[in-house]
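These notes concern the structure reproduced below.
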Amino acid sequence: MEEMLFYDRMQFAFTITFHYLFPQLTMGLSLIIVYFKWKYLKTKDEHYNHATHFWMKIFALNFAMGVVTGIPMEFQFGTNWAKFSELTGGIIGQTLAMEGMFSFFLESSFLGIFLFGEKLLGHKWHFVTGLLICIGSWASGFLIIATHSWMQNPVGYEILENGKFVLNNFQALFLNPWLWPSYLHNQAASLVTSSFVVAGIGAFYILSKKNVSFGKLFLKTGVIFGLISSIVVAVPTGDLLAKNVVKYQPVTFAGMEGIFHTEKKGSEIVLIGQPDVKDKKLDNKIAVPNILSFLTYGNWNQEIKGLDQFEEDLHPTNISGLYYAYHIMVGLGTVFIGLMLISLLQLIRGKLFQTKWLLWSLMFMMPFPYIANTTGWYTAELGRQPWLVYNLMRTASGASPTVSSGNTLFTLLGFIGLYLLLGMLFLLLIGKIINKGPHHVELSTEKI
């Protein structure tokens, strides 16, 4: 059973990690595309319309990859996690169905119109279709996170005699106190990824001395969006989400922060350290006293419960993984704010485009928001373990009892091989789009 559960979790972790590489770009990028089209309507500067079409091609390719990798992931609810789907389908099935029927179809329907319908629609209606794509993309994220938030903090439900969960308060599902901080945090993090990609490609164009005018436009846009979204990820959304963890999942918070033993006169914040789960301590730690208590409660001496206050069978099943995932996310988020702040100051001074070390930094930082987003999701998922539905359904209780570990391992290896090929194809196509540049995008000559 343990071996089967391990491979079930590994397969879902791999497929969802690979899948989310694509939606995290499209959600944030859809807003930047709407901005570029709005700027074109306002200024009549063709650079903005070229930028709109250039980034829409990258958006469309990401969207297609997201669809291809998302379908196998959802099928696993019926194959590897059939018991979970059977018992909770009355609740999570509603939000997942709404995501497919409303958000996905809104986004996909208008994507084709936006890509090929500018001459027919004219620029104003072309902007409207772009806005609808953005709304569909963000609504999709909302409904997925509503599902996830219910698993983290179940509300508005009752359990029938046969063990099935049913929703008895539809409103509670969307007023879940876990939902809105999680959603806004996730969307801001998506915008961070998109901003770094836009800024990084802009820096690449400037450094390579081709498409320089577009490079400057992309760099300026990416830096402004990037600084705003990086700050919003930390404050207020990250702060609110962390306080939710303290309130609803205190044992998870203790694992995230590496608090093995309760400190009666205020908790320190650990900057660096390695968890020794066996001996229940942090090795080689660098910490600042009482800061964590102040950030969490606004009180320097407030006690925060450590793992020693909870039964061991309630502890996160992978404390080391949870601790490292959380600290990687927070550490990278801090770097993002610092880098974007320096870049904005240089932009205001008129020196950003000539500061080569910053341009190289922005270009090479493009992969790191993907890492931060991934470790953020790992923090949420590892923190909830050993539960599928927090405090109500153990992970082992949701697995499919008839799917063997051998079958799951075989299909996992198949997914790894297939996704490796898809990833290489994606990078090749993205590289061709970037190499051609925005000047090679065909535009409409229709007047507004």
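All values derive from a computational prediction rather than experimental measurement.
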Taking side chain as C-beta onward, heavy atoms only, is Phe104 less than 4.5 Å from Leu143?
-> no
When you look at Asn244 and Gln152, which way does the side-chain hydrogen bond (donor to acceptor under 3.5 Å, both in side chains) test go after all the steps?
-> CA-CA 10 Å; Asn244 261 350; Gln152 296 282 3; over 6 Å; no
Using the benzene-type ring in the case of Trp, are the ring centres of Phe426 and Phe22 under 6.0 Å apart?
-> yes
Trp377 side chain near Ile16 side chain, heavy-atom distance below 4.5 Å = no
Ring centres of Trp150 and Phe174 under 6.0 Å apart?
-> no
Min side-chain heavy-atom separation Val197-Trp55 under 4.5 Å = yes
Name each donor-acceptor pair under 3.5 Å that joins a side chain in residues 234-242 to protein atoms two or more places apart or in another chain, with its distance.
{"unit_1": "Thr237", "atom_1": "OG1", "unit_2": "His185", "atom_2": "ND1", "d": "3.2"}
{"unit_1": "Thr237", "atom_1": "OG1", "unit_2": "Val232", "atom_2": "O", "d": "2.5"}
{"unit_1": "Thr237", "atom_1": "OG1", "unit_2": "Val233", "atom_2": "O", "d": "3.1"}
{"unit_1": "Asp239", "atom_1": "OD2", "unit_2": "Lys243", "atom_2": "NZ", "d": "3.2"}

For residues 158-168, dump all side-chain donor-acceptor pairs below 3.5 Å to protein atoms at least two apart in sequence or in another chain.
{"unit_1": "Asn162", "atom_1": "OD1", "unit_2": "Lys164", "atom_2": "N", "d": "3.1"}
{"unit_1": "Asn168", "atom_1": "OD1", "unit_2": "Tyr157", "atom_2": "N", "d": "3.4"}
{"unit_1": "Asn168", "atom_1": "ND2", "unit_2": "Tyr157", "atom_2": "O", "d": "3.4"}

Between Ser85 and Trp81, a side-chain donor and acceptor under 3.5 Å | no
Candidate pair Thr262 and Glu303, rule side-chain hydrogen bond (donor to acceptor under 3.5 Å, both in side chains), full reasoning | CA-CA 7 Å; Thr262 303; Glu303 175 186 306; 5.1 Å; no
Is the distance between the ring centroids of Phe196 and Phe336 less than 6.0 Å?
-> yes
Has Lys83 got more than 12 heavy atoms of other residues, nucleotides or ligands less than 6.0 Å from its NZ?
-> no
Taking the inter-plane angle between the rings of Phe142 and Trp180 on a 0 to 90° scale, is it parallel (under 30°), tilted (30 to 60°) or perpendicular (over 60°)?
-> tilted
Sequence neighbours excluded, the answer for ring pair (Phe, Tyr, Trp, His ring centres under 6.0 Å) partners of Phe214 is His47, His50, His439
Validation row, ring centre Tyr419 to ring centre Phe415 under 6.0 Å = yes
For the pair Ser230 (side chain) and Leu227 (backbone), establish whether a donor and an acceptor sit closer than 3.5 Å, ignoring hydrogens and angles.
-> no
Apply the ring pair (Phe, Tyr, Trp, His ring centres under 6.0 Å) test between Phe12 and each candidate in Phe77, Phe6, Tyr20; give the one that qualifies.
-> Phe77
